Asks: 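The structure under discussion is supplied below as structure tokens; questions concerning it will follow.
These figures come from a predicted structure and were not determined experimentally. Numbering of ligands and ligand atoms starts at 1, following listing order.
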Amino acid sequence: MGKPRHPRLSAQNRACERVLAEVLGETLVNRRPADRALAYCLKRNRQYGSRDRRFFSEAVFAVFRWWGWLRQLPDSSALRVGDNPGGDGQDSLRLEPRQSAVLLFAAILVDHPEGALDNLSVWAETLRIPESAWRPWSHLEQPEARFRSLARHLDCESGDFDWRDLLPNWAWRELAEPAPPSALEKLALWLQKRPPIWLRAQGAISAEGLAKILRRHEITAVPHPKLARVLKVEPSPVNLYTTEPFRRGMFEIQDLASQIIGLACRPQAGQRWWDACAGAGGKSLQLADLMQGRGTVVATDIRPRKLEDLRKRARRAGFSNLSTRLWEGKGASGKPASFDGVLVDAPCTCSGTWRRNPDARWTTARNDLEELSQLQLKLLRAAAEGVKRGGLLVYATCSIFERENRLVVERFLEQAPEFSLRPLAHPATGMLADGCLQVWPWEEDCDAMFVARMIRSQ
Ligand SMILES: C[S@@+](CC[C@H](N)C(=O)[O-])C[C@H]1O[C@@H](n2cnc3c(N)ncnc32)[C@H](O)[C@@H]1O
């Protein structure tokens, strides 16, 4: 074998293949989140610089994003894991270098060819795909067209490559009925798009003021035309977390759909709110901010480490009206019926964030849904004890599945007649909802989220 024509790129591609083999195995077989598997792998391989790391990360996530099609390619047909995580009977996943090369070439070609043409060129050489064949594919506008051209070249006529394959089979059966096929296809295609970064301006600064300050840090952030505190960040190599405005608590990174949950709560200055499943406090901070620092937000979670993160974030933002407590999901935290509002942002499949975490669609099992919906109902019932008469109870998930969303709310309302749904308008589109609102990615280029707003009458 002769010397490679591009030694640096060849080495980068080989390294990427090794990283993929490890992360794919850890994630698809051991159900470890891909970001953690990748971080662990890179921690043990300190020789890679930041450019390599960024490239590996984009490439590996592209493989998960398009896994539903990639696993139908001839070289990967032995890798039919993913539809039934934990139940495929596989205890390891061995990738031959050629399989890794095919997966990576195909994933990058379909996902973001313009950013990695030189790497694609080196992989094409390895796979003996002539330049005259693949270059024109990379110019095709539609990802499907790019993928099908490659599949034909690999003599893979047998694959379906249907948009339904981009999610596990069971997921389609868990969506709200009746959903016309055009809506399902739209959902599948939106989950393939890489999501933007959204910010929430925090404290005294306006979105416009923040945009101006960020421009000095070479970050372009565009204020949302309707939502006063929301900004969309244009792609940039600058790490937002290391900027001075971030360290001074002027903004938080928070997806627009997640911000809609806080807005649906509409907390008033001077009220008492309880964020029952606060985690690291994305929404607790938003509530405190909407209350302009007046009143109280009690943030609870079962995980003390998350609350520790929340306290750091609250200090950075300068909020003194936010306190944290451990809560194990049994009864009200503190005095029952004492809060003007309670938010239950319940643990869920996080299927609404599958754009951001494409690996999770292949590691979530249908059985998880039953367990989660029981936990969600239990947490909602317990947290409801904290709502005072005339107060609000807000239930939210970042899920697209009925069993975690409307069905949990319906079961809760059957058992708690003192609560009833309170109509609400979609804060961004203005569309009126009966009390249950599903936010979809195409509405505002965001994650999917569900929120239900209920009031306690007695
Ligand atoms: C969707 S996350 C919350 C995200 C958070 N509200 C935010 O905006 O960043 C759900 C949270 O519920 C918590 N949780 C899970 N099981 C719980 C339980 N049995 N009791 C109380 N909290 C629980 C998790 O620790 C997790 O932080």
Side-chain angles (χ1 to χ4, degrees), residues 33 35-36 197-200 202 229-230 241 251-265 267 273-291 297-314 316-317 319 322-334 339 341-354 356-357 360 364 368-386 393-401 404-405 408 412 438-439 446-452:
D35 54 353
R36 273 192 237 156
I197 294 178
W198 289 99
L199 305 184
R200 180 174 58 74
Q202 188 163 259
R229 312 291 277 159
V230 184
Y241 292 112
F251 69 86
E252 283 287 339
I253 296 175
Q254 187 179 358
D255 188 79
L256 182 143
S258 161
Q259 297 195 44
I260 284 183
I261 307 307
L263 293 172
C265 292
W273 271 78
W274 172 22
D275 183 5
C277 296
K283 296 182 190 70
S284 315
L285 294 167
Q286 188 188 3
L287 294 178
D289 193 51
L290 288 167
M291 289 160 67
V297 177
V298 176
T300 62
D301 202 274
I302 198 167
R303 291 185 290 173
R305 295 250 308 262
K306 287 279 163 192
L307 294 176
E308 184 54 43
D309 290 344
L310 195 165
R311 284 191 286 275
K312 272 191 216 141
R313 293 170 83 184
R316 193 168 55 228
F319 291 134
L322 209 161
S323 64
T324 60
R325 287 182 210 154
L326 274 181
W327 183 62
E328 295 191 345
K330 293 180 199 124
S333 173
F339 289 95
V342 175
L343 168 63
V344 183
D345 184 21
C348 68
T349 52
C350 300
S351 45
T353 66
W354 281 355
R356 227 167 271 289
N357 307 303
T364 305
D368 298 342
L369 248 73
E370 196 41 49
E371 246 170 65
L372 280 165
S373 59
Q374 282 173 23
L375 175 62
Q376 288 152 354
L377 181 62
K378 181 190 122 177
L379 295 176
L380 184 57
R381 275 174 25 197
E385 291 179 25
L393 175 62
V394 179
Y395 172 73
T397 71
C398 52
S399 172
I400 53 176
F401 299 132
E404 299 187 89
N405 295 342
V408 170
F412 168 74
Q438 180 77 58
V439 178
C446 56
D447 288 335
M449 278 242 134
F450 171 85
V451 59

Asks: With a 4.0 Å cut-off, would you call K283 and D275 a salt bridge?
Replies: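 Here K283 does not pair with D275 in a salt bridge, since their nearest N and O are not under 4.0 Å apart.
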Asks: If you look at every heavy atom in S258 and Q286, which pair is closest and at what distance?
Replies: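 Closest approach of S258 to Q286, heavy atoms only: O-OE1, 3.8 Å.
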Asks: Taking CD in E328 as the centre, count heavy atoms belonging to other residues, nucleotides or ligands within less than 6.0 Å. Is the count above 12?
Replies: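 No, CD of E328 has 12 or fewer neighbouring heavy atoms, counting only those of other groups under 6.0 Å.
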Asks: Is R229 salt-bridged to E252, cutoff N-O under 4.0 Å?
Replies: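 Not counted as a salt bridge, because no side-chain N and carboxylate O are separated by less than 4.0 Å.
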Asks: Side chains of Q259 and R200: donor-acceptor distance under 3.5 Å anywhere?
Replies: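 Their side chains do not contain a donor-acceptor pair, so the 3.5 Å distance test is not met.
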Asks: Q376 and T397: side-chain donor and acceptor closer than 3.5 Å?
Replies: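 Not at all, the side chains of Q376 and T397 share no donor-acceptor pair under 3.5 Å.
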Asks: What residues sit with at least one heavy atom under 4.0 Å from ligand 1?
Replies: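 Contacting ligand 1 under 4.0 Å are C277, A278, G279, G282, K283, D301, I302, R303, W327, E328, G329, D345, A346, P347, L375, L379.
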